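Taking it in order: structure first as structure tokens, then the write-up.
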Amino acid sequence: MAELSEALVQYGWDTQWEATLSDLDAVDQKVGRVTRVDRGEVDVATDAGFLRVLSDSQRAQADTAPATGDWIIIREDANLGPVVGQVMPRRTAITRRDPAEGVVQQVLVANVDLVAVVHGLDHDIRPARIERFMALAYDSGAKPIVLLTKDDLVDGTEAMTLVETFVDTDSVPILRTKALEGGGIEELRTLIGNKTIVLLGLSGCGKSTLTNALLGD
């Protein structure tokens, strides 16, 4: 097996994806990971940098329509330039019912390893809400974790104890973070490693601040 591209590894490429590419008989094809989806076009991270790639399917539930997080095989069209040739089989997928179709599942994000259920400690803990997000994680095939943010604003000890009463702490990590002060950020980085993580939570729970802290910005 050929040596893995370091540029792709930082986006989650591994030997399993390399084997999948081989099974598709597309080892010599250009591949990349979708980082943004727009109508008819996607941004793709490749070993040569970012590409703007055309997608001939604009519906997120179509077989050839890529979602954020997908690995795709890119082909060159003589007239159009780079286009989505094939979406590689997904390992995991977070979905919802497509509001336009009623019963069709719409893929929101693909190939996620970790789903972080984010809850701000400046609001009362709602077990049902956390459990609902965790169910979404389990249904996707990803591993859930719980992040209790804004521990610098409120003492989260009592909330942490409450969450531990309804979350299986043997299989689901629970972290308290102080994003502005850096508390818990290195522990979270270690937990993520080279995995792909998605943050789920209500508006204002601290997702953006947490993302900025992880990126060091």
Side-chain angles (χ1 to χ4, degrees), residues 6-14 16-17 33-36 43 45 67-71 90-96 107-217:
E6 290 186 11
L8 292 181
V9 166
Q10 68 175 328
Y11 289 101
W13 189 256
D14 57 24
Q16 187 177 343
W17 285 118
R33 193 167 196 192
V34 177
T35 61
R36 177 187 174 98
D43 288 340
T68 300
D70 269 327
W71 286 98
R90 293 165 178 147
R91 294 181 186 174
T92 63
I94 295 178
T95 64
R96 70 174 178 183
V107 178
L108 301 178
V109 62
N111 302 315
V112 170
D113 302 303
L114 300 172
V115 173
V117 179
V118 184
H119 196 297
L121 290 169
D122 56 338
H123 288 80
D124 291 338
I125 297 294
R126 301 285 183 87
R129 181 178 295 153
I130 293 177
E131 289 172 338
R132 184 166 65 250
F133 280 130
M134 288 182 59
L136 191 62
Y138 283 123
D139 288 345
S140 75
K143 176 182 175 62
I145 65 176
V146 176
L147 299 180
L148 301 177
T149 60
K150 306 185 183 183
D151 198 30
D152 48 344
L153 302 180
V154 181
D155 182 359
T157 303
E158 185 175 342
M160 183 82 163
T161 301
L162 173 59
V163 172
E164 289 174 342
T165 64
F166 62 88
V167 171
D168 182 4
T169 57
D170 290 333
S171 59
V172 180
I174 306 173
L175 299 180
R176 288 158 59 182
T177 65
K178 303 178 182 180
L180 296 180
E181 299 178 3
I185 299 303
E186 285 306 316
E187 186 178 359
L188 179 56
R189 280 202 186 100
T190 299
L191 183 63
I192 297 172
N194 199 40
K195 300 181 179 67
T196 298
I197 187 172
V198 64
L199 308 181
L200 297 182
L202 298 182
S203 177
C205 70
K207 299 187 298 296
S208 296
T209 302
L210 193 61
T211 299
N212 290 338
L214 288 169
L215 294 175
D217 184 9

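These numbers come from a predicted model, not from an experiment.
Residue K207 forms a side-chain contact (heavy atoms from CB on, under 4.5 Å) with just one option from T149, L202, L199, and that option is L199.
Side-chain contact between N212 and T209 is absent, with no heavy atoms from C-beta onward closer than 4.5 Å. Two residues are said to be in side-chain contact when any heavy atoms from C-beta on lie closer than 4.5 Å; H119 and V163 fail this criterion. A heavy-atom distance below 4.5 Å is found between the side chains of L188 and L210. By the 4.5 Å heavy-atom criterion applied to side chains, F166 and I130 are counted as neighbours.
A search for salt bridge (Lys or Arg N to Asp or Glu O under 4.0 Å) contacts involving D14 returns R91, not counting sequence neighbours. The side-chain contact (heavy atoms from CB on, under 4.5 Å) search around I94 returns L108, V109, V115, L136, S140, V198, not counting sequence neighbours.
Atom OG1 in T211 sits 6.5 Å away from atom CG in L214 (nearest 0.5 Å). Taken from OG in S171 to CD1 in I145, the straight-line distance is 12.5 Å, to the nearest 0.5 Å.
The minimum heavy-atom distance linking G156 with L121 is given by the pair CA-CD1, 3.7 Å. Across W71 and G12, no two heavy atoms sit closer than the pair CZ2-C, 3.8 Å. Among all heavy-atom pairs drawn from T196 and Y11, the shortest one is OG1-O, 4.5 Å. The heavy-atom pair separating A7 from Q10 by the smallest distance is O-CG, 3.0 Å. Across all non-hydrogen atoms, the minimal contact from A45 to T35 is CB-CG2, 4.1 Å. Closest approach of A67 and D70 over heavy atoms only: N-OD2, 2.7 Å.
A side-chain donor-acceptor contact under 3.5 Å links R33 to the backbone of G69. Under the 3.5 Å distance criterion, the side-chain polar atoms of T92 are left unmatched by any main-chain donor or acceptor of G141. A donor-acceptor pair under 3.5 Å is absent between the side-chain atoms of K150 and the main chain of G206, judged by distance alone.
Within the structure, side-chain hydrogen bond (donor to acceptor under 3.5 Å, both in side chains) contacts touching residues 185-194 (residues at least two apart or in different chains) are E186-R189. Applying the side-chain hydrogen bond (donor to acceptor under 3.5 Å, both in side chains) definition to pairs two or more places apart or across chains, those involving residues 154-163 are D155-T157. Residue pairs meeting the salt bridge (Lys or Arg N to Asp or Glu O under 4.0 Å) criterion with at least one member in residues 125-144: none, sequence neighbours excluded.
More than 12 heavy atoms of other residues, nucleotides or ligands sit less than 6.0 Å from atom CG of D168.
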Table please: side-chain donor-acceptor pairs of residues 174-185 below 3.5 Å, with sequence neighbours left out.
from, atom 1, to, atom 2, distance (Å)
R176, NE, D151, OD2, 3.2
R176, NH2, D151, OD1, 3.4
R176, NH2, D151, OD2, 3.3

Please walk me through it: do L148 and I125 pass side-chain contact (heavy atoms from CB on, under 4.5 Å)?
-> CA-CA 10 Å; L148 301 177; I125 297 294; 4.2 Å; yes
Pair L8-W17, side-chain contact (heavy atoms from CB on, under 4.5 Å): steps then yes or no | CA-CA 11 Å; L8 292 181; W17 285 118; over 6 Å; no
